[in-house]
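This report concerns only the one structure given below.
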Amino acid sequence: MTTITKQQESQPTRISRTQRTRVVKAVRSLLTHLFLLVGSFFFVAPLIFLVSTSLKASRQIAKFPPDLIPDPFIWANYSDVFIYAPFGTYLLNTIFIIIPTVFGAAITSSLAAYAFARLRAPGKNAIFMVLLSTMMLPGVVTLIPTYILYAKLGWVGSFKPLIVPVLFGNAFYIFLMRQFFTSLPRELEDAALIDGCNYLQIFWRIILPLAKPVMATVTIFAFMGAWNDYFGPLIYLAEKSQYTLSLGLQVFVQQHSTEWGLLMAASTMMVTPIILLFFFAQKQFVQGIMLTGMKG
Amino acid sequence: MAAVMRGTPKPWLKTLRGKEAIACYLFILPWIIGFTVFTLGPIIASFGLSFMDYDLVLPPKFLGLANFVELFSDSLFYTSMWNTLYIVILAVPLGMLASFMMALLLNQKVRGLAAYRTAYFIPSIVPAVASAALWLYVLQPEWGLLNGFLSWLGIQGPGWLASEAWSKPSIILLMIWASGGSMIIFLAGLQNIPKEYYEAAEIDGANSLRRFQYITLPLMTPTIFFNLVMGVIGTFQIFSVVFVLTDGMGGPVNSTLVYLIYIYRNAFNYFRMGFASSMAWVLFVIILVLTLIQFRTARFWVHYDTDTVEG
């Protein structure tokens, strides 16, 4: 299409050319929208049907091809979920794990990130290279000995394996925050040093207040990581009273594999907070992913 | 006076530089401790364990290479490796192609960009267990969403997760659905390409295909490389989604028994910690070799331009 407009350049028939460009542009934008719409159908339709199915009665779910609108609306699916499984407890357990995780991500990692970004020490760069390489390390190599370690400590069957290691900081978050700190201007810190502040005070009073945007990103990722984590709870938690939402939902899927209304209602409840979070913090999501290439 | 002071220098740790270094080490210390206890130690330990027999109860017994000998004569090892490779070989390129195309479309200055971007991205943040539950419904053979849509097009859909032939493609489909993360990375890469390049090319009379071939594609190779490396590492370790979709069985007939499910089974169902460690090391070496090959071959096709910023 563009080739045609280009060939026209040698013969300046102004009006027809602009008209043609306009038509080409319109057709192009129409095609783009068409592709985008078809694409978004693939991505969005499952989620729309997730919500719609969560409100359907069993016999309507088994209808083929599926209806979009529930008839009648069965809101009871949502309350029934809580009768069959203690999702309230699962939620509390998940939050109990999320709080220290977020703390570890925000405090420990940001201190290390500040040191990597600003402070000079022999061997620091070598340590940073090690940190970077751990980001690509397949988690499976450390899995079994860490499990044995926790088993020997008597931690299996408690929240400790899910909480303690994250308190020591996370390579992804350190990397992400280091990138941010490196971009901050130095003058304020230099002034504070001259005034006799130590590095911890500089970090606490100058760097942290400036770090709010990246802190938000890291907090969101830490939250999502803990909310979505399935493997950790699967191998470390034993009692049903300890289950997190992920693990609880999986067991629920196993036990109620035919009650689709219930399953979809439970899944909807698990997905909704994440999607809401995304709508409130789109910028942080995009930034975080761009910087680390982390997959959800 | 001054001369005397210069004669007896302060110990290095008391100098400004020394204090800075101490602060630096102290701030990094928690991570170093965490790294040593939860990463470095376990890597070494799992290497050692791979030559042992250990069930958590009886003391570990040294076996030499027996675990590896057993592994390489174990038919389920080959099955699980094949299943994993199948998924990696198809899901990584297809996921990248899909997300690259979406990013290209989104990079046209279209109206409603934010809405489309959101639509493509949201599936990638859905928790693995929830998306598995959702896809159990989507892929349900008799009245699931996908077969419903296919029948509307006049196609009779397959049994998906119930079918040995279609179970792996089902998982790949789910993975493409959740590939919005790499779309965001591609989009960021596209938006980093300086506009002047396109303007200059347009003045030189390059059509859009040429502009794509000579500007977009070369300048996107670092981003493609990044997504490829991370995609291969991540997909080799696929677990949660498959585990939930197949009730932890990797069925039907082991057709979705991916490598990590087989490790899980050996470690946490049979408590064969040594054997599972040897499996983990085999996978580690495979991933390492493939990653190194990618880095080595990168110089033949990855184009590093000073103007593009790669995260």
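Nothing here was measured: the structure is a model prediction, and the numbers come from that model. Letters go in sequence order (proteins before strands), and every chain restarts at 1.
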Problem - B:L105 versus chain A, the contacting section by heavy-atom distance below 4.5 Å - result: both
Problem - Nearest-0.5 Å distance that lies between atom CD in B:Q108 and atom OG in A:S29 - result: 9.5 Å
Exercise for the section: Calculate, to the nearest 0.5 Å, the distance between atoms CD1 and CD1 belonging to A:I127 and B:I28 respectively. Expected result: 5.0 Å
Completion exercise
Answer key: most heavy-atom pairs under 4.5 Å with chain B among A:T146, A:L131, A:L245, A:V271 is A:L131
Problem - Min side-chain heavy-atom separation B:Y264-A:L234 under 4.5 Å - result: yes
Exercise for the section: Report the distance from atom CG of B:D247 to atom OG of A:S257, rounding to the nearest 0.5 Å. Expected result: 7.5 Å
Exercise for the section: Counting only heavy atoms closer than 4.5 Å, note whether B:R117 contacts chain A via side chain, backbone, both or neither. Expected result: side chain
Handout entry: Region of B:L260 in contact with chain A, defined by heavy-atom distances below 4.5 Å
Key = side chain
Problem - Closest non-hydrogen atom pair between A:K124 and B:C24, with its separation - result: CD-SG, 3.7 Å
Handout entry: Shortest non-hydrogen contact between B:Q237 and A:V140, atoms and distance
Key = OE1-N, 3.3 Å
Practice task
Please determine, among A:G123, A:G104, A:G39, A:P122, the option with the most heavy-atom pairs under 4.5 Å with chain B.
Solution key: A:P122
Handout entry: Region of A:F252 that comes under 4.5 Å of a non-hydrogen atom in chain B
Key = neither
Fill in the blank from the handout: Turns out that what part of B:Y54 lies under 4.5 Å from chain A's heavy atoms comes down to side chain
Practice task
Find the one option among B:W177, B:F239, B:F284 whose heavy-atom pairs under 4.5 Å with chain A are most numerous.
Solution key: B:W177
Practice task
Name the orientation class of the two ring planes belonging to A:F278 and B:F121 (parallel below 30°, tilted from 30 to 60°, perpendicular beyond 60°).
Solution key: tilted
Handout entry: Residue pair A:M135 / B:M230: nearest heavy atoms and the distance that separates them
Key = O-CE, 4.4 Å
Handout entry: Contact origin within A:T53 toward chain B - heavy atom pairs under 4.5 Å
Key = side chain
Completion exercise
Between the OG1 atom in A:T32 and the CG atom in B:L113, the distance rounded to the nearest 0.5 Å is 12.0 Å
Handout entry: Top of A:L137, A:L193, A:N198 for chain B proximity - count of heavy-atom pairs under 4.5 angstrom
Key = A:L137
Problem - Within-4.5 Å side-chain heavy-atom neighbours: A:Y230 and B:V241 - result: no
For residues 139-154 of chain B, dump all side-chain donor-acceptor pairs below 3.5 Å to protein atoms at least two apart in sequence or in another chain.
from   : atom 1 : to     : atom 2 : distance (Å)
B:Q140 : OE1    : B:E142 : N      : 2.8
B:Q140 : OE1    : B:W143 : N      : 3.0
B:N147 : OD1    : B:W160 : NE1    : 2.7
B:N147 : ND2    : B:P141 : O      : 2.9
B:N147 : ND2    : B:P158 : O      : 3.0
B:S151 : OG     : B:G148 : O      : 2.9

Exercise for the section: Please assess A:V130 against B:F35 for the test side chain to side chain contact (heavy atoms under 4.5 Å, CB included), listing each intermediate value before the final yes or no. Expected result: CA-CA 10 Å; A:V130 173; B:F35 167 74; 3.4 Å; yes
Problem - Per-residue contact mode, B:S50 against chain A (heavy atom under 4.5 angstrom) - result: neither
Exercise for the section: Would you mind checking which part of B:I233 comes under 4.5 Å of any heavy atom in chain A, side chain (CB onward), backbone (N, CA, C, O), both or neither? Expected result: side chain
Fill in the blank from the handout: When the 4.5 angstrom heavy-atom criterion is applied to B:A267 and chain A, the contacting part is side chain
Practice task
Tell me, for A:M270 versus chain B, whether the close heavy atoms (under 4.5 Å) come from the side chain, the backbone, both or neither.
Solution key: both
Fill in the blank from the handout: Pair count under 4.5 Å, heavy atoms only, with chain B: among A:V166, A:V253, A:L263, A:T134, highest is A:T134
Handout entry: Separation between CG of B:L26 and CG of A:L111, rounded to the nearest 0.5 Å
Key = 9.5 Å
Problem - Closest heavy-atom pair and its distance - B:Y137, A:P66 - result: OH-CB, 4.0 Å
Practice task
Please determine, among B:L136, B:L283, B:V126, B:L49, the option with the most heavy-atom pairs under 4.5 Å with chain A.
Solution key: B:L136
Completion exercise
Pair count under 4.5 Å, heavy atoms only, with chain B: among A:A45, A:A62, A:S110, A:A113, highest is A:A62
Completion exercise
Most contact-rich option vs chain A, by heavy-atom pairs under 4.5 angstrom, among B:A114, B:A115, B:A119, B:A132, is B:A119
Problem - Minimum heavy-atom distance between B:E20 and A:R120, given as atom pair plus value - result: OE2-N, 2.8 Å
Problem - Partner of B:V129 under side chain to side chain contact (heavy atoms under 4.5 Å, CB included), chosen from A:S246, A:S267, A:P233 - result: A:S246
Practice task
Please examine the side chains of B:W31 and A:T108, heavy atoms only from C-beta on, and report whether any two atoms are closer than 4.5 Å.
Solution key: no
Exercise for the section: For residues A:N228 and B:I125, report the shortest heavy-atom separation together with the two atoms involved. Expected result: ND2-O, 3.7 Å
Completion exercise
Greatest number of non-hydrogen atom pairs under 4.5 angstrom with chain B, of A:P46, A:G169, A:A151, A:A115, falls to A:P46
Problem - Heavy-atom contact with chain B under 4.5 Å, split by part of A:K63 - result: backbone
Problem - Residue A:L37 versus chain B: region with a heavy atom under 4.5 Å - result: both
Practice task
Please confirm whether the backbone N or O of A:L36 pairs with a side-chain atom of B:Y120, one donor and one acceptor, at under 3.5 Å?
Solution key: yes
Handout entry: Top contributor to chain A contacts, counting heavy-atom pairs under 4.5 Å, from B:A280, B:S240, B:A188
Key = B:S240
Fill in the blank from the handout: Of the listed B:L16, B:L106, B:T118, B:L104, the one with the largest count of heavy-atom pairs under 4.5 Å with chain A is B:T118
Exercise for the section: Measure distances from B:L56 to the heavy atoms of chain A and classify the residue's part below 4.5 Å as side chain, backbone, both or neither. Expected result: both
Practice task
Identify which part of B:L134 has an atom lying under 4.5 Å from any heavy atom of chain A, answering side chain, backbone, both or neither.
Solution key: both
Practice task
Measure distances from B:F47 to the heavy atoms of chain A and classify the residue's part below 4.5 Å as side chain, backbone, both or neither.
Solution key: neither
Problem - From CA spacing to verdict: ring pair (Phe, Tyr, Trp, His ring centres under 6.0 Å), B:F268, A:Y147 - result: CA-CA 10 Å; B:F268 304 111; A:Y147 180 86; 4.6 Å; yes
Practice task
Starting from the C-alpha separation in whole Å, work towards a yes-or-no answer on side chain to side chain contact (heavy atoms under 4.5 Å, CB included) for B:I32 and A:F168.
Solution key: CA-CA 8 Å; B:I32 293 181; A:F168 290 91; over 6 Å; no
Exercise for the section: Let me know if B:F243 has heavy atoms under 4.5 Å from chain A in its side chain, its backbone, both or neither. Expected result: side chain
Handout entry: Spacing of CG belonging to B:N266 relative to CD1 belonging to A:I144, to within rounding of 0.5 Å
Key = 8.5 Å
Exercise for the section: Return the orientation label for the A:F42 and B:W135 ring planes: parallel under 30°, perpendicular over 60°, tilted otherwise. Expected result: perpendicular
Completion exercise
Among residues 36-46 of chain B, residues within the sub-4.5 Å heavy-atom range of chain A, in order of number, are B:V37, B:F38, B:T39, B:P42, B:I43, B:A45, B:S46
Handout entry: Contact class of A:Y150 relative to chain B, heavy atoms under 4.5 angstrom
Key = side chain
Exercise for the section: Apply the test side chain to side chain contact (heavy atoms under 4.5 Å, CB included) to residues A:F116 and B:F27: give CA-CA distance (whole Å), side-chain angles for both, the deciding distance (0.1 Å), then the verdict. Expected result: CA-CA 9 Å; A:F116 280 125; B:F27 291 175; over 6 Å; no
